Participant: 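Handing you a structure now.
As the structure lists them, so they are numbered: ligands from 1, and atoms in each ligand from 1. All values below were derived from every heavy atom in this structure, side-chain atoms included, with hydrogens, water molecules and symmetry-related copies excluded. This structure is a prediction, so every number in the text was calculated from the model and none was measured.
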Amino acid sequence: MSVLDANIESVIITADQIREKIAELAARIDADYADREVLLVGVLKGAAMFMSDLARALQRPSTMEFMAVSSYGSSHRTSGVVRILKDLDRDISGEHVLVVEDIIDSGLTLSWLLKNLQSRGPASMEIITLLRKAGAAKVRVDVRYVGFEIPNAFVVGYGLDYAEQYRGLPYIGILKSSVYGG
Ligand code: PRP
């Protein structure tokens, strides 16, 4: 057990469950995009693990782009204003975009991002998220593919961090409240 594992209260989604879910989601995407090539747009940094495993699970051709966004501190929680830290490297007009997120909490980040990407004229745009927090949404976002609905707890692992740590854990776990003083 690593020092990071020792700070986990409980594992809510195992590495095997993640692997199985990704295979299932990839099969749906392959079927849904049988006649189109999908452009995966990963939202850094949290989606890095999910994006790379999802891309490897897809059987059909796909391409990848990344974006990094950041909320403006606490005002984000009310206004939903987002700052672009790293933009896409290319034009997405006419592309079939699938936005890849690790988690949807309030939905504010994604809601802003969707408007931003929509203005660039993609042929279609859908969302896939590995996790969605139950009952936490402040804004409604239509999500085509959801891996797991999870309780409103402080989760880390498989891309999700606390103070930039824990992203490398192969599972999703609830962080002990003693770690963040909650
Ligand atoms: C997380 C996550 C989503 C967002 C979800 O990113 O990856 O982008 O928060 O929260 P919301 O639905 O309440 O807007 P974070 O800002 O923690 O950045 P990171 O991915 O680099 O860790």
Participant: May I ask you to check whether D91 and S93 show a side-chain donor-acceptor distance below 3.5 Å?
Facilitator: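 The answer is yes; a qualifying pair exists.
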Participant: Checking the N or O distance criterion of under 3.5 Å, is ligand 1 in contact with G107?
Facilitator: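 The answer is yes, given that G107 and ligand 1 share an N or O pair closer than 3.5 Å.
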Participant: Please say whether more than 12 non-hydrogen atoms of neighbouring residues, nucleotides or ligands are located less than 6.0 Å from NZ in K115.
Facilitator: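 Not buried by this count: 12 neighbours or fewer within 6.0 Å.
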Participant: Would you call R60 and D30 a salt bridge, taking side-chain N to carboxylate O under 4.0 Å as the test?
Facilitator: no
Participant: Suppose I only count heavy atoms of E101 and a 4.0 Å limit; which atoms of ligand 1 are within that range?
Facilitator: 2 (C), 3 (C), 7 (O), 8 (O)
Participant: Please list, in number order, the atoms of ligand 1 under 4.0 Å from a heavy atom of D161.
Facilitator: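 That gives atoms 22 (O) of ligand 1.
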Participant: Which heavy-atom pair separates V155 from L160 by the least distance, and what is that distance?
Facilitator: O-CB, 3.9 Å
Participant: Do you see a donor-acceptor pair shorter than 3.5 Å between the side chains of Y166 and N7?
Facilitator: yes
Participant: In ligand 1, which numbered atoms sit nearer than 4.0 Å to a non-hydrogen atom of L108?
Facilitator: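 Under 4.0 Å from L108, ligand 1 has these atoms: 12 (O), 14 (O).
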Participant: If we only consider heavy atoms of R167, is any one of them less than 4.0 Å away from an atom in ligand 1?
Facilitator: yes
Participant: Identify, with sequence neighbours excluded, every residue that meets ring-ring contact (aromatic ring centres under 6.0 Å, His included) alongside F148.
Facilitator: none
Participant: Which bit of D102 gets closer than 4.0 Å to ligand 1, counting heavy atoms only: side chain, backbone, both or neither?
Facilitator: side chain
Participant: With heavy atoms of T109 as the reference, note each atom of ligand 1 found under 4.0 Å away.
Facilitator: 4 (C), 8 (O), 10 (O), 11 (P), 14 (O)
Participant: Tell me the contacting part of K138 for ligand 1: side chain, backbone, both, or neither, using a 4.0 Å heavy-atom threshold, strictly below.
Facilitator: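 Within the 4.0 Å criterion, K138 makes no contact with ligand 1.
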Participant: In terms of hydrophobic clusters joined by side-chain contacts under 4.5 Å, are Y145 and F50 together?
Facilitator: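 Yes, because Y145 and F50 connect within a single hydrophobic cluster, where side-chain heavy atoms sit under 4.5 Å apart.
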Participant: Which atoms of ligand 1 sit under 4.0 Å from any heavy atom of I103?
Facilitator: 2 (C), 3 (C), 5 (C)
Participant: For ligand 1, does L110 get within less than 4.0 Å through its side chain, its backbone, both, or neither, judged by non-hydrogen atoms?
Facilitator: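 Neither part.
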Participant: Just to verify, what does V139 make a side-chain contact (heavy atoms from CB on, under 4.5 Å) with, not counting sequence neighbours?
Facilitator: L108, S111, V141
Participant: Report, in ascending order of atom number, the atoms of ligand 1 lying under 4.0 Å from any heavy atom of L44.
Facilitator: 20 (O), 21 (O)
Participant: For atom 13 (O) of ligand 1, which of S106, G46, G159 has the closest heavy atom?
Facilitator: S106
